[in-house]
Amino acid sequence: MATPSPLAQVLRLRPSSVSSRLARTQVCLLNPRDLHRALPGRSLLVCECVAAPIAAGVLRAARQANAVVGLSFPELPRGERPRPGDAAREILQAAEAAGHEQPWFLRGGPVRVPEATEDAVAQAREAVYRLVDAGFTEASLDVTGLDPAEAAAAVAEGALGLRERELSVEVSTRETRPAELKELSLSFGAQGVRVDVVSLPASAFAPGTELSAQLEAVRPSLLGLVDAGDQAPTLGARRLTASIRLTKIGLNALPVAVQGTLRQKAAEGWSIPGAIAAGLKAAPPSPEACAKMEALAFREALDLLERCGCSATGPAAVTALLEQLRD
(Lines give C-alpha, C1' and ligand atoms only; values in the text may rest on other atoms or scores of the structure.)
Protein backbone atom coordinates (compact mmCIF):
# COMPACT_ATOMS: atom_id res chain seq x y z
CA MET A 1 0.00 0.00 0.00
CA ALA A 2 1.41 3.40 -1.03
CA THR A 3 2.52 5.73 1.75
CA PRO A 4 0.42 8.91 1.86
CA SER A 5 2.24 12.03 0.72
CA PRO A 6 3.47 14.45 3.39
CA LEU A 7 0.67 16.86 2.49
CA ALA A 8 -1.97 14.13 2.72
CA GLN A 9 -0.76 13.29 6.19
CA VAL A 10 -0.76 16.93 7.34
CA LEU A 11 -4.30 17.36 6.02
CA ARG A 12 -5.37 15.11 8.88
CA LEU A 13 -4.68 18.09 11.16
CA ARG A 14 -7.38 20.24 9.59
CA PRO A 15 -9.75 21.32 12.38
CA SER A 16 -13.04 19.44 12.62
CA SER A 17 -14.85 22.71 11.95
CA VAL A 18 -13.54 22.71 8.35
CA SER A 19 -12.43 19.15 7.61
CA SER A 20 -15.76 17.95 6.19
CA ARG A 21 -16.19 20.87 3.78
CA LEU A 22 -12.58 20.44 2.58
CA ALA A 23 -12.64 16.64 2.40
CA ARG A 24 -12.29 16.48 -1.40
CA THR A 25 -9.64 19.18 -1.66
CA GLN A 26 -5.95 19.62 -0.95
CA VAL A 27 -6.56 22.94 0.82
CA CYS A 28 -4.33 22.82 3.89
CA LEU A 29 -6.35 25.14 6.15
CA LEU A 30 -5.04 24.65 9.68
CA ASN A 31 -5.30 25.93 13.21
CA PRO A 32 -2.66 28.69 13.60
CA ARG A 33 -1.93 27.32 17.07
CA ASP A 34 -0.44 24.24 15.37
CA LEU A 35 1.51 26.38 12.91
CA HIS A 36 3.07 28.60 15.57
CA ARG A 37 4.07 25.46 17.47
CA ALA A 38 5.60 23.98 14.32
CA LEU A 39 7.65 27.12 13.61
CA PRO A 40 9.27 28.14 16.90
CA GLY A 41 11.15 31.39 16.58
CA ARG A 42 9.59 32.25 13.20
CA SER A 43 7.06 34.96 12.52
CA LEU A 44 3.79 34.33 10.71
CA LEU A 45 2.28 37.00 8.49
CA VAL A 46 -1.46 37.73 8.47
CA CYS A 47 -2.77 39.66 5.47
CA GLU A 48 -6.03 41.61 5.56
CA CYS A 49 -8.17 40.42 2.65
CA VAL A 50 -11.23 42.59 2.17
CA ALA A 51 -12.15 40.86 -1.12
CA ALA A 52 -11.58 37.50 -2.82
CA PRO A 53 -9.19 38.91 -5.48
CA ILE A 54 -6.88 40.17 -2.73
CA ALA A 55 -7.02 36.75 -1.04
CA ALA A 56 -6.17 35.11 -4.36
CA GLY A 57 -3.18 37.40 -4.83
CA VAL A 58 -1.89 36.74 -1.31
CA LEU A 59 -2.20 32.98 -1.78
CA ARG A 60 -0.34 33.13 -5.09
CA ALA A 61 2.43 35.03 -3.33
CA ALA A 62 2.55 32.48 -0.51
CA ARG A 63 2.74 29.69 -3.06
CA GLN A 64 5.67 31.36 -4.83
CA ALA A 65 7.46 32.02 -1.53
CA ASN A 66 6.65 28.54 -0.14
CA ALA A 67 5.32 30.39 2.88
CA VAL A 68 2.80 29.82 5.61
CA VAL A 69 0.39 32.75 5.63
CA GLY A 70 -2.74 33.84 7.43
CA LEU A 71 -5.66 35.51 5.70
CA SER A 72 -7.85 37.84 7.73
CA PHE A 73 -11.36 39.02 6.96
CA PRO A 74 -12.91 41.85 8.99
CA GLU A 75 -15.94 41.43 11.20
CA LEU A 76 -19.00 43.23 9.80
CA PRO A 77 -22.13 44.21 11.74
CA ARG A 78 -24.66 41.39 11.81
CA GLY A 79 -26.76 41.20 8.65
CA GLU A 80 -24.27 43.16 6.56
CA ARG A 81 -22.71 41.63 3.47
CA PRO A 82 -20.52 39.81 2.81
CA ARG A 83 -21.58 37.54 5.65
CA PRO A 84 -18.87 35.38 7.26
CA GLY A 85 -20.00 32.23 5.45
CA ASP A 86 -19.94 33.96 2.06
CA ALA A 87 -16.52 35.51 2.71
CA ALA A 88 -15.01 32.22 3.88
CA ARG A 89 -16.49 30.37 0.91
CA GLU A 90 -15.01 32.85 -1.57
CA ILE A 91 -11.59 32.68 0.09
CA LEU A 92 -11.64 28.86 0.14
CA GLN A 93 -12.60 28.84 -3.52
CA ALA A 94 -9.69 31.17 -4.26
CA ALA A 95 -7.33 28.80 -2.41
CA GLU A 96 -8.56 25.80 -4.36
CA ALA A 97 -8.46 27.65 -7.70
CA ALA A 98 -4.89 28.77 -7.00
CA GLY A 99 -3.83 25.18 -6.26
CA HIS A 100 -2.50 26.43 -2.95
CA GLU A 101 -1.08 23.48 -1.00
CA GLN A 102 0.99 25.26 1.64
CA PRO A 103 -0.37 25.39 5.21
CA TRP A 104 -2.37 28.54 5.93
CA PHE A 105 -5.01 29.80 8.32
CA LEU A 106 -8.09 31.99 8.22
CA ARG A 107 -8.66 34.64 10.86
CA GLY A 108 -11.83 36.62 11.46
CA GLY A 109 -12.25 39.94 13.21
CA PRO A 110 -11.20 41.68 15.31
CA VAL A 111 -14.56 41.38 17.04
CA ARG A 112 -14.90 44.53 19.12
CA VAL A 113 -15.93 44.22 22.77
CA PRO A 114 -16.56 47.90 23.57
CA GLU A 115 -17.71 47.38 27.15
CA ALA A 116 -17.94 44.65 29.76
CA THR A 117 -21.74 44.47 29.76
CA GLU A 118 -23.65 41.23 29.40
CA ASP A 119 -25.16 42.41 26.12
CA ALA A 120 -21.82 43.44 24.56
CA VAL A 121 -20.14 40.17 25.54
CA ALA A 122 -23.12 38.17 24.24
CA GLN A 123 -22.89 39.97 20.88
CA ALA A 124 -19.17 39.17 20.69
CA ARG A 125 -19.85 35.53 21.53
CA GLU A 126 -22.46 35.29 18.75
CA ALA A 127 -20.07 36.94 16.27
CA VAL A 128 -17.32 34.45 17.13
CA TYR A 129 -19.71 31.52 16.73
CA ARG A 130 -20.65 32.82 13.28
CA LEU A 131 -16.98 32.99 12.30
CA VAL A 132 -16.27 29.48 13.54
CA ASP A 133 -19.34 28.08 11.80
CA ALA A 134 -18.23 29.82 8.60
CA GLY A 135 -14.85 28.05 8.64
CA PHE A 136 -12.48 30.54 10.25
CA THR A 137 -9.76 28.77 12.24
CA GLU A 138 -8.98 31.77 14.44
CA ALA A 139 -10.81 34.85 15.63
CA SER A 140 -9.50 38.03 17.19
CA LEU A 141 -11.25 39.94 19.96
CA ASP A 142 -10.48 43.62 20.52
CA VAL A 143 -10.61 44.41 24.25
CA THR A 144 -9.23 47.95 24.04
CA GLY A 145 -10.65 50.09 26.82
CA LEU A 146 -11.50 47.24 29.20
CA ASP A 147 -9.54 46.78 32.40
CA PRO A 148 -7.61 43.48 32.65
CA ALA A 149 -10.19 41.63 34.75
CA GLU A 150 -13.04 42.77 32.49
CA ALA A 151 -11.07 41.87 29.37
CA ALA A 152 -10.26 38.39 30.63
CA ALA A 153 -13.88 37.71 31.57
CA ALA A 154 -15.05 39.02 28.19
CA VAL A 155 -12.61 36.78 26.31
CA ALA A 156 -13.52 33.78 28.45
CA GLU A 157 -17.14 34.13 27.39
CA GLY A 158 -16.79 35.82 24.00
CA ALA A 159 -14.31 33.28 22.64
CA LEU A 160 -16.39 30.29 23.76
CA GLY A 161 -16.89 29.07 20.19
CA LEU A 162 -13.13 28.90 19.68
CA ARG A 163 -12.38 27.36 23.05
CA GLU A 164 -14.93 24.59 22.56
CA ARG A 165 -13.19 23.55 19.34
CA GLU A 166 -9.65 24.25 20.61
CA LEU A 167 -9.12 26.85 17.89
CA SER A 168 -6.69 29.75 18.20
CA VAL A 169 -7.65 32.90 20.10
CA GLU A 170 -6.08 36.27 19.36
CA VAL A 171 -6.62 39.33 21.54
CA SER A 172 -5.89 42.80 20.23
CA THR A 173 -5.46 45.88 22.37
CA ARG A 174 -4.02 49.37 22.11
CA GLU A 175 -2.59 48.98 25.61
CA THR A 176 1.21 48.74 25.30
CA ARG A 177 2.52 49.38 28.83
CA PRO A 178 4.31 46.27 30.17
CA ALA A 179 2.77 46.42 33.65
CA GLU A 180 -0.78 46.57 32.28
CA LEU A 181 -0.06 43.85 29.73
CA LYS A 182 1.31 41.65 32.50
CA GLU A 183 -1.84 42.20 34.53
CA LEU A 184 -3.90 41.30 31.46
CA SER A 185 -1.94 38.09 30.97
CA LEU A 186 -2.34 37.15 34.64
CA SER A 187 -6.08 37.80 34.36
CA PHE A 188 -6.31 35.39 31.42
CA GLY A 189 -4.58 32.78 33.57
CA ALA A 190 -6.93 33.40 36.46
CA GLN A 191 -9.89 32.86 34.13
CA GLY A 192 -8.35 29.68 32.73
CA VAL A 193 -8.35 31.19 29.23
CA ARG A 194 -5.69 30.28 26.70
CA VAL A 195 -4.86 33.29 24.51
CA ASP A 196 -2.49 32.35 21.72
CA VAL A 197 -1.54 35.81 20.50
CA VAL A 198 -1.75 39.31 21.98
CA SER A 199 -1.45 41.86 19.17
CA LEU A 200 -0.44 45.48 19.64
CA PRO A 201 -0.35 48.41 17.17
CA ALA A 202 3.18 48.91 15.87
CA SER A 203 2.39 52.61 15.46
CA ALA A 204 2.45 52.94 19.25
CA PHE A 205 6.20 52.34 19.33
CA ALA A 206 9.00 54.58 18.12
CA PRO A 207 11.33 53.08 15.48
CA GLY A 208 13.94 50.85 17.07
CA THR A 209 12.01 50.38 20.32
CA GLU A 210 13.11 47.33 22.30
CA LEU A 211 10.10 45.07 22.87
CA SER A 212 11.55 42.62 25.37
CA ALA A 213 9.38 44.01 28.21
CA GLN A 214 6.17 43.58 26.18
CA LEU A 215 7.30 40.17 24.98
CA GLU A 216 7.80 39.01 28.55
CA ALA A 217 4.61 40.68 29.81
CA VAL A 218 2.26 38.80 27.46
CA ARG A 219 3.71 35.33 28.12
CA PRO A 220 2.60 32.59 27.67
CA SER A 221 0.85 34.29 24.75
CA LEU A 222 2.87 35.20 21.67
CA LEU A 223 3.44 38.83 20.77
CA GLY A 224 1.88 40.24 17.62
CA LEU A 225 2.31 43.58 15.87
CA VAL A 226 -0.17 45.24 13.52
CA ASP A 227 1.12 47.14 10.49
CA ALA A 228 4.78 46.96 11.38
CA GLY A 229 6.56 48.88 8.62
CA ASP A 230 10.23 48.77 7.68
CA GLN A 231 11.23 50.94 10.64
CA ALA A 232 8.78 49.50 13.18
CA PRO A 233 10.03 47.29 16.00
CA THR A 234 9.65 43.56 15.31
CA LEU A 235 11.99 42.01 17.88
CA GLY A 236 10.24 39.01 19.37
CA ALA A 237 6.99 39.44 17.43
CA ARG A 238 5.68 36.07 16.28
CA ARG A 239 2.65 37.50 14.50
CA LEU A 240 2.84 40.34 11.98
CA THR A 241 -0.47 41.64 10.63
CA ALA A 242 -0.55 43.67 7.41
CA SER A 243 -3.72 45.71 7.01
CA ILE A 244 -3.22 49.24 5.72
CA ARG A 245 -1.24 48.44 2.57
CA LEU A 246 -3.66 45.70 1.48
CA THR A 247 -6.89 47.48 2.35
CA LYS A 248 -5.74 50.43 0.24
CA ILE A 249 -5.87 48.10 -2.77
CA GLY A 250 -9.52 47.42 -2.03
CA LEU A 251 -10.23 51.07 -1.31
CA ASN A 252 -8.85 52.17 -4.66
CA ALA A 253 -11.11 49.64 -6.43
CA LEU A 254 -14.22 51.32 -5.02
CA PRO A 255 -16.15 53.95 -7.00
CA VAL A 256 -15.53 57.46 -5.70
CA ALA A 257 -19.15 57.74 -4.60
CA VAL A 258 -18.85 54.60 -2.48
CA GLN A 259 -15.56 55.77 -0.99
CA GLY A 260 -17.44 58.77 0.34
CA THR A 261 -19.55 56.56 2.61
CA LEU A 262 -16.53 55.20 4.50
CA ARG A 263 -16.30 58.11 6.91
CA GLN A 264 -19.97 57.73 7.76
CA LYS A 265 -19.53 54.02 8.46
CA ALA A 266 -16.45 54.72 10.56
CA ALA A 267 -18.49 57.23 12.57
CA GLU A 268 -21.04 54.47 13.13
CA GLY A 269 -18.35 52.26 14.63
CA TRP A 270 -17.39 50.20 11.59
CA SER A 271 -13.78 49.23 11.10
CA ILE A 272 -12.25 50.68 7.93
CA PRO A 273 -11.48 47.20 6.48
CA GLY A 274 -15.06 46.17 7.24
CA ALA A 275 -16.44 49.26 5.50
CA ILE A 276 -14.26 48.57 2.45
CA ALA A 277 -15.33 44.91 2.33
CA ALA A 278 -19.00 45.91 2.47
CA GLY A 279 -18.43 48.56 -0.19
CA LEU A 280 -16.83 46.05 -2.54
CA LYS A 281 -19.78 43.70 -2.07
CA ALA A 282 -22.29 46.48 -2.72
CA ALA A 283 -20.43 47.73 -5.81
CA PRO A 284 -18.63 44.69 -7.28
CA PRO A 285 -15.53 45.69 -9.26
CA SER A 286 -15.25 44.87 -12.94
CA PRO A 287 -13.26 41.81 -14.03
CA GLU A 288 -10.43 44.13 -15.04
CA ALA A 289 -10.45 45.80 -11.61
CA CYS A 290 -10.47 42.38 -9.90
CA ALA A 291 -7.48 41.27 -11.95
CA LYS A 292 -5.65 44.46 -10.99
CA MET A 293 -6.47 43.94 -7.30
CA GLU A 294 -5.12 40.40 -7.45
CA ALA A 295 -1.91 41.48 -9.20
CA LEU A 296 -1.29 44.30 -6.73
CA ALA A 297 -2.00 42.03 -3.75
CA PHE A 298 0.40 39.43 -5.15
CA ARG A 299 3.24 41.93 -5.39
CA GLU A 300 2.49 43.46 -2.00
CA ALA A 301 2.21 40.12 -0.22
CA LEU A 302 5.31 38.68 -1.85
CA ASP A 303 7.32 41.69 -0.70
CA LEU A 304 5.90 41.40 2.82
CA LEU A 305 6.56 37.66 3.07
CA GLU A 306 10.17 38.09 2.00
CA ARG A 307 10.83 41.08 4.27
CA CYS A 308 9.21 39.36 7.26
CA GLY A 309 11.40 36.28 6.82
CA CYS A 310 8.43 34.02 6.04
CA SER A 311 9.83 32.46 2.86
CA ALA A 312 10.17 28.65 2.98
CA THR A 313 8.13 28.38 6.17
CA GLY A 314 5.65 26.10 4.38
CA PRO A 315 8.00 23.10 3.91
CA ALA A 316 9.46 23.67 7.39
CA ALA A 317 5.97 23.60 8.92
CA VAL A 318 5.02 20.43 7.04
CA THR A 319 8.17 18.67 8.28
CA ALA A 320 7.54 19.72 11.88
CA LEU A 321 3.86 18.78 11.74
CA LEU A 322 4.74 15.34 10.38
CA GLU A 323 7.10 14.82 13.30
CA GLN A 324 4.32 15.81 15.70
CA LEU A 325 1.97 13.30 14.06
CA ARG A 326 4.53 10.54 14.53
CA ASP A 327 5.04 11.32 18.23
Side-chain angles (χ1 to χ4, degrees), residues 14-15 17-18 21-22 25-36 39 43-76 82-111 131-132 134-140 162 167-168 170 172 196-197 199 224 226-227 239-250 271 273-274 276-277 280-281 290 293-294 296-305 308 310 313-314 317:
R14 291 186 295 204
S17 57
V18 298
R21 74 188 72 185
L22 300 177
T25 76
Q26 298 293 296
V27 175
C28 195
L29 178 59
L30 299 182
N31 185 343
R33 178 179 296 170
D34 293 333
L35 293 170
H36 276 298
L39 295 166
S43 297
L44 295 185
L45 177 68
V46 183
C47 294
E48 188 79 67
C49 297
V50 294
I54 294 177
V58 171
L59 290 170
R60 281 180 49 215
R63 183 181 182 185
Q64 179 159 320
N66 285 324
V68 172
V69 72
L71 270 59
S72 183
F73 191 82
E75 168 66 10
L76 274 68
R83 294 171 179 165
D86 297 332
R89 191 177 307 111
E90 291 178 0
I91 292 172
L92 290 172
Q93 289 172 349
E96 192 170 2
H100 187 67
E101 296 184 354
Q102 298 293 347
W104 62 291
F105 62 96
L106 186 55
R107 183 188 74 178
V111 175
L131 291 169
V132 172
F136 290 79
T137 57
E138 178 180 83
S140 178
L162 300 164
L167 295 173
S168 180
E170 181 188 78
S172 63
D196 297 271
V197 181
S199 284
V226 180
D227 284 322
R239 173 70 64 82
L240 301 171
T241 298
S243 178
I244 293 175
R245 290 169 59 176
L246 289 162
T247 53
K248 280 184 178 179
I249 294 172
S271 70
I276 294 172
L280 290 167
K281 179 58 68 172
C290 287
M293 289 170 66
E294 182 175 341
L296 290 171
F298 169 79
R299 292 199 294 269
E300 192 71 57
L302 187 60
D303 176 61
L304 286 165
L305 287 164
C308 293
C310 298
T313 47

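Counting begins at 1 with the first residue of the sequence.
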Nearest 0.5 Å please: distance from the [atom1] atom of [X] over to the [atom2] atom of [Y].
X: Ser17; Y: Leu22; atom1: OG; atom2: CG; answer: 9.0 Å
X: Ile249; Y: Phe298; atom1: CD1; atom2: CZ; answer: 12.0 Å
X: Arg33; Y: Leu167; atom1: CZ; atom2: CG; answer: 7.5 Å
X: Leu240; Y: Cys310; atom1: CG; atom2: SG; answer: 6.5 Å
X: Arg245; Y: Leu304; atom1: CZ; atom2: CG; answer: 4.5 Å

Quick one: are [X] and [Y] in side-chain contact, heavy atoms under 4.5 Å?
X: Lys281; Y: Leu76; value: no
X: Glu138; Y: Val46; value: no
X: His36; Y: Asp196; value: no
X: Ile91; Y: Trp104; value: yes
X: Leu71; Y: Leu59; value: yes

Whether [X] side chain and [Y] backbone form a donor-acceptor pair below 3.5 Å:
X: Asp227; Y: Ser243; answer: yes
X: Arg14; Y: Cys28; answer: no
X: Thr137; Y: Leu30; answer: yes

### Message
Salt bridge check, Glu300 against Lys248: does any charged N sit closer than 4.0 Å to a carboxylate O?
### Response
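Salt bridge between Lys248 and Glu300, a charged N being under 4.0 Å from a carboxylate O: no.
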Looking at [X] and [Y], what are the two nearest heavy atoms and their distance?
X: Phe105; Y: Leu29; value: CA-CD1, 3.6 Å
X: Leu246; Y: Cys47; value: CD1-CB, 3.4 Å
X: Thr313; Y: Ala67; value: OG1-CA, 3.4 Å
X: Leu280; Y: Met293; value: CD1-CE, 4.2 Å
X: Ala134; Y: Ala88; value: O-CB, 3.3 Å
X: Gly250; Y: Val50; value: CA-CG2, 4.2 Å

### Task
Say whether Ser72 and Arg107, considering side chains only, have a donor N or O and an acceptor N or O under 3.5 Å apart.
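There is such a pair (donor and acceptor under 3.5 Å, judged by atom type) between the side chains of Ser72 and Arg107.
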### Message
Other residues, nucleotides and ligands only: do more than 12 of their heavy atoms fall within 6.0 Å of CD1 on Ile244?
### Response
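Atom CD1 in Ile244 is not packed in, count stays at 12 or less.
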### Partners passing side-chain hydrogen bond (donor to acceptor under 3.5 Å, both in side chains) against Ser199 (at least two apart in sequence or in another chain)
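Partners of Ser199 under the side-chain hydrogen bond (donor to acceptor under 3.5 Å, both in side chains) test: Glu170.
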### Task
Show your working on side-chain contact (heavy atoms from CB on, under 4.5 Å) between Ser172 and Ser140 and close with a plain yes or no.
CA-CA 7 Å; Ser172 63; Ser140 178; 3.8 Å; yes
### Message
Once side-chain hydrogen bond (donor to acceptor under 3.5 Å, both in side chains) is applied, what residue pairs with a partner in residues 92-101 remain, sequence neighbours excluded?
### Response
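As it turns out, there is no side-chain hydrogen bond (donor to acceptor under 3.5 Å, both in side chains) pair with a partner in residues 92-101 once direct neighbours are skipped.
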### Task
Go through the steps to decide whether Val111 and Leu131 satisfy the test side-chain contact (heavy atoms from CB on, under 4.5 Å), and finish with yes or no.
CA-CA 10 Å; Val111 175; Leu131 291 169; 4.0 Å; yes
